[in-house]
**Q** 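This is the structure I have questions about; it appears just below.
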Amino acid sequence: MAAATILLLLTACTSLERNPVPIDAIDRAVIPGMPEIRDWGDEPSPDFQEDLIQSVHDEQAATGAVGQGMNALLLSGGGSNGAFGAGFLSGWTEAGTRPTFKLVTGVSTGALAAPFAFLGPDYDQELEQLFTTVTRKDIYRIRSPFTVLRKDSLTRTDPLAARIEEVVDVATMQKIAAEHRRGRRLYVATTNLDAQRLVVWNMGAIAVSGRPGSLELFRRVLLASASIPVAFPPVYIDVEVDGARYDEMHVDGGVIAEFFLWGAMVDIASGMRELEVDAEHRGQASVFIIRNGQIDAAPEQVERNLVDIASRSMITLLKAVAMGDLIRIWALAQRDGVDFNYVGIPPEHAETPAAAFDPSEMRRLFDLGRRLALEPEPWHKEPPAFVQ
């Protein structure tokens, strides 16, 4: 794939037709009938701030409690290494210490796992099957070399789209909607490639909308979040500006963030003041980050060829993005008095290429995650860069 990518960059290609949003209207594009189910992930969002407040009111109505057990789970990208996170969640359940999460966020392979992690331990078996039994042919098909230059990717992801359709059905979305009404939140991130910005989608809000096409949109957002650019085709999402229809080009959220919290989108301190949540309850909040990969530097002698150099550069870039995300979220947790917890594939254990999808390797990573979760203290309380 790396070699083919380089070929694409060096070869003049004919652009395929599309109907993109005018540049001066990008900020005003909305999903028809669902204008408040997403927003930019890099600036304050009145819609998400209001949703945060509403989630606590919903929680109070459902449970009679305010701001108790405010646990957030963040799931990263990592392709077939997502088996590690699935195994860790399973072991966490077995250990008897897995909480109910107020918020679950996911990017890329983490986005595919997020709905099941959100729904809780009853879906551990679905996660295990999803991340230990698939092969490459269940995810993508490589295009013919004679047609690839006339396409927008090296592969087709019809098999992945079909798998998402199979596992995310009407019943699953209804259960997500029910949890949303109880005050819990599920967010997934994609990259709007036209805008070069992260888009955060309120998946529970899509589920409860009742709008025609909401299930299809839910599935397309998951597919978009996992669509590695160039390797996988972008996902085109229909939007509307002043009554006119256009399309947006969305790809893997990991282009911008390997995992995310609410970041700049909401003002937690302001929200807590408005809700009159006292310091004791604020101190009960925890964030748990599962990185489906290694984040530590792993020195290696790189072969002098285009494929190895391109591959090594991409892996290095993703590690740098992940470390930046980790430090930023740790700083937010320190600022807001939130308990910080991080786990990833340990440096002494091999990870696999993200696009390998070898069931035996995925089973190995699943079992590794499960074993690690059963250890007495599996969590790191600081980013690895800060550990002496």
Side-chain angles (χ1 to χ4, degrees), residues 1-20 77-83 107-112 130-131 133-168 188-194 196 216-217 219-238 246-256 292-293 303 305-315 317-318 351-362:
M1 285 188 179
T5 300
I6 295 166
L7 176 64
L8 286 174
L9 295 175
L10 297 177
T11 306
C13 302
T14 301
S15 295
L16 302 172
E17 288 188 7
R18 58 173 299 221
N19 183 30
S80 58
N81 289 309
V107 172
S108 195
T109 196
L112 299 180
L130 182 63
F131 282 97
T133 63
V134 298
T135 63
R136 282 184 294 179
K137 66 182 178 61
D138 298 312
I139 304 298
Y140 60 85
R141 296 281 195 275
I142 297 176
R143 296 187 192 276
S144 163
F146 302 104
T147 63
V148 70
L149 294 181
R150 299 192 300 274
K151 302 297 182 180
D152 55 5
S153 66
L154 300 175
T155 71
R156 296 186 293 108
T157 50
D158 309 69
L160 177 58
R163 178 57 64 98
I164 292 173
E165 184 175 347
E166 177 186 341
V167 298
V168 181
V188 162
T190 63
T191 296
N192 181 323
L193 209 53
D194 294 315
Q196 290 189 321
E216 174 63 18
L217 176 63
R219 292 165 171 167
R220 288 184 69 76
V221 170
L222 295 182
L223 179 62
S225 187
S227 293
I228 305 165
V230 181
F232 293 173
V235 174
Y236 299 92
I237 294 179
D238 294 332
Y246 301 97
D247 65 59
E248 291 177 341
M249 182 186 290
H250 286 258
V251 298
D252 194 326
V255 169
I256 293 178
N292 291 304
E303 295 292 330
N305 62 67
L306 289 176
V307 173
D308 284 358
I309 292 170
S311 175
R312 182 69 169 175
S313 298
M314 182 58 67
I315 291 170
L317 172 63
L318 291 176
E351 61 179 350
T352 61
F357 295 102
D358 178 344
S360 63
E361 277 297 295
M362 295 171 77

**Q** Do you know the tightest heavy-atom contact between P233 and T157?
**A** CG-OG1, 3.5 Å
**Q** Are R141 and D158 close enough that some pair of their side-chain heavy atoms sits under 4.5 Å apart?
**A**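 Side chain of R141 against side chain of D158, heavy atoms only: no contact under 4.5 Å found.
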**Q** Under 3.5 Å, is there a donor-acceptor pair between the side chain of N19 and the main chain of D247?
**A**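 It does not hold such a pair.
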**Q** Which heavy atom of L160 sits nearest to which heavy atom of A226, and what is that distance?
**A** CD2-CB, 4.5 Å
**Q** Could you state the interatomic distance from CG (L112) to CG (L130), rounded to the nearest 0.5 Å?
**A**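 The CG atom of L112 sits 6.5 Å away from the CG atom of L130.
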**Q** Where do A224 and T190 come nearest, in terms of heavy atoms and distance?
**A** CB-CG2, 3.9 Å
**Q** What's the shortest heavy-atom distance between V255 and P229, and which atoms?
**A** CG2-CG, 3.7 Å
**Q** Indicate the atoms forming the closest heavy-atom contact of F131 with G79, along with that distance.
**A** CE2-O, 4.5 Å
**Q** How many angstroms lie between OG1 in T133 and CE in M362, if you round to the nearest 0.5 Å?
**A**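 Going from the OG1 atom of T133 to the CE atom of M362 covers 7.5 Å.
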**Q** Side chains of V134 and P359: does their closest heavy-atom pair fall under 4.5 Å?
**A** no
**Q** Between S360 and D358, which heavy-atom pair has the shortest distance, and what is it?
**A**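 Looks like OG-OD1, 2.8 Å.
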**Q** So how far is it from F357 CZ to N81 CG, rounded to the nearest 0.5 Å?
**A** 9.0 Å
**Q** Atom CD1 in I237, atom CD in E216: separation rounded to 0.5 Å?
**A**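 The CD1 atom of I237 sits 10.0 Å away from the CD atom of E216.
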**Q** Please say which of I164, V235, V188 ends up in a side-chain contact (heavy atoms from CB on, under 4.5 Å) with V221.
**A** V188
**Q** If we only count heavy atoms from C-beta on, is the F232 to L223 side-chain gap below 4.5 Å?
**A** no
**Q** Test of understanding: with salt bridge (charged side-chain N to carboxylate O under 4.0 Å, His left out), list the residues that count as partners of R136, not counting sequence neighbours.
**A**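 Expected list: none.
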**Q** Does the S225 side chain pair with the main chain of V107, one donor and one acceptor, at a distance under 3.5 Å?
**A** no
**Q** For the CG atom of L154 and the CD1 atom of I142, what is their distance to the nearest 0.5 Å?
**A**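 Rounded to the nearest 0.5 Å, the CG-CD1 separation comes to 8.5 Å.
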**Q** Does the side chain of P234 come within less than 4.5 Å of V251's, by heavy atoms?
**A** yes
**Q** Atom CE in M249, atom OH in Y236: separation rounded to 0.5 Å?
**A** 3.5 Å
**Q** Are the side chains of D194 and R18 in contact, using a 4.5 Å heavy-atom criterion?
**A** yes
**Q** Test side-chain hydrogen bond (donor to acceptor under 3.5 Å, both in side chains) on D308 and S311 and set out the steps.
**A** CA-CA 5 Å; D308 284 358; S311 175; over 6 Å; no
